[in-house]
Amino acid sequence: MPYEQAEYRRIADLITERIKSGELKAHDKLPSTSELSEEHHVSWATVNRAFGLLHDRGLVYGRQGKGVFVAEGRDSK
């Protein structure tokens, strides 16, 4: 059986590609946890884990009560 990537990693990789391609630019707001969980048919916890991975990669930052945004100057990594 081929290796299946964890859903949170798949979502984080999709968002990473959107950032690197320039589709998402610095300070753009990402879709909400509920929007992404509905779009990808996963739990909100899976989306939060994907956001955590993106944060660890230095690609996003969060603002309490406002959402998750693309970090500045991270599209070249």
Side-chain angles (χ1 to χ4, degrees):
M1 173 187 296
Y3 170 76
E4 292 185 27
Q5 187 176 30
E7 285 297 307
Y8 78 96
R9 287 189 180 274
R10 186 182 64 78
I11 293 167
D13 289 346
L14 288 171
I15 294 170
T16 297
E17 285 307 311
R18 290 179 66 193
I19 293 169
K20 288 184 176 186
S21 74
E23 182 181 343
L24 290 171
K25 300 187 181 334
H27 309 293
D28 281 354
K29 185 176 187 235
L30 297 182
S32 70
T33 302
S34 60
E35 290 170 327
L36 284 172
S37 66
E38 196 171 302
E39 178 182 339
H40 294 281
H41 307 287
V42 297
S43 71
W44 62 268
T46 299
V47 175
N48 280 338
R49 194 165 178 194
F51 283 163
L53 182 57
L54 291 166
H55 182 268
D56 291 347
R57 291 176 179 174
L59 295 173
V60 301
Y61 63 94
R63 290 183 133 179
Q64 189 170 357
K66 301 290 184 189
V68 178
F69 301 83
V70 177
E72 192 169 354
R74 304 307 292 190
D75 55 351
S76 61
K77 289 205 174 201

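Not measured: the values here are computed from a predicted model. Numbering of residues begins at 1 and proceeds along the displayed sequence. Side-chain atoms are counted along with the backbone in the values below, which use heavy atoms only and exclude waters and symmetry mates.
Through direct or relayed side-chain contacts under 4.5 Å between Ile, Leu, Val, Met, Phe, Trp and Tyr, Trp44 connects to no other residue.
At a threshold of 4.5 Å between non-hydrogen side-chain atoms, the residues His40 and Thr46 do not count as touching. Side-chain contact between Leu54 and Phe51 is present, with heavy atoms from C-beta onward closer than 4.5 Å.
How far CZ of Arg49 is from CD of Glu7: 12.0 Å, rounded to the nearest 0.5 Å.
Across all non-hydrogen atoms, the minimal contact from Arg18 to Ser21 is O-OG, 3.2 Å. Here the closest non-hydrogen pair linking Glu23 and Asp28 is O-OD2, 4.2 Å. The minimum heavy-atom distance linking Gly67 with Lys29 is given by the pair CA-CE, 4.0 Å. A pairwise comparison of heavy atoms in Ala71 and Gly58 identifies CB-O, 3.6 Å as the closest pair. Heavy-atom minimum distance, Lys25 versus Val70: O-CB, 3.2 Å.
The existence of a salt bridge linking Glu17 and Lys20 is excluded, since no basic side-chain nitrogen approaches an acidic carboxylate oxygen closer than 4.0 Å.
Using bins of under 30°, 30° to 60° and over 60° for the plane-to-plane angle, the ring pair Tyr61/Phe69 lands in the parallel bin.
In the hydrophobic clustering of ILVMFWY residues, with side-chain heavy atoms under 4.5 Å counting as a link, Leu24 and Leu36 come out together. Cluster annotation: Ile15 is connected to Val42 through the hydrophobic network of ILVMFWY side chains, with a link wherever side-chain heavy atoms come within less than 4.5 Å. A continuous path of ILVMFWY side-chain contacts below 4.5 Å connects Leu59 to Leu30, so both sit in one hydrophobic cluster.
Atom CD of Glu39 sits in a crowded spot, with more than 12 heavy atoms from other residues, nucleotides or ligands closer than 6.0 Å.
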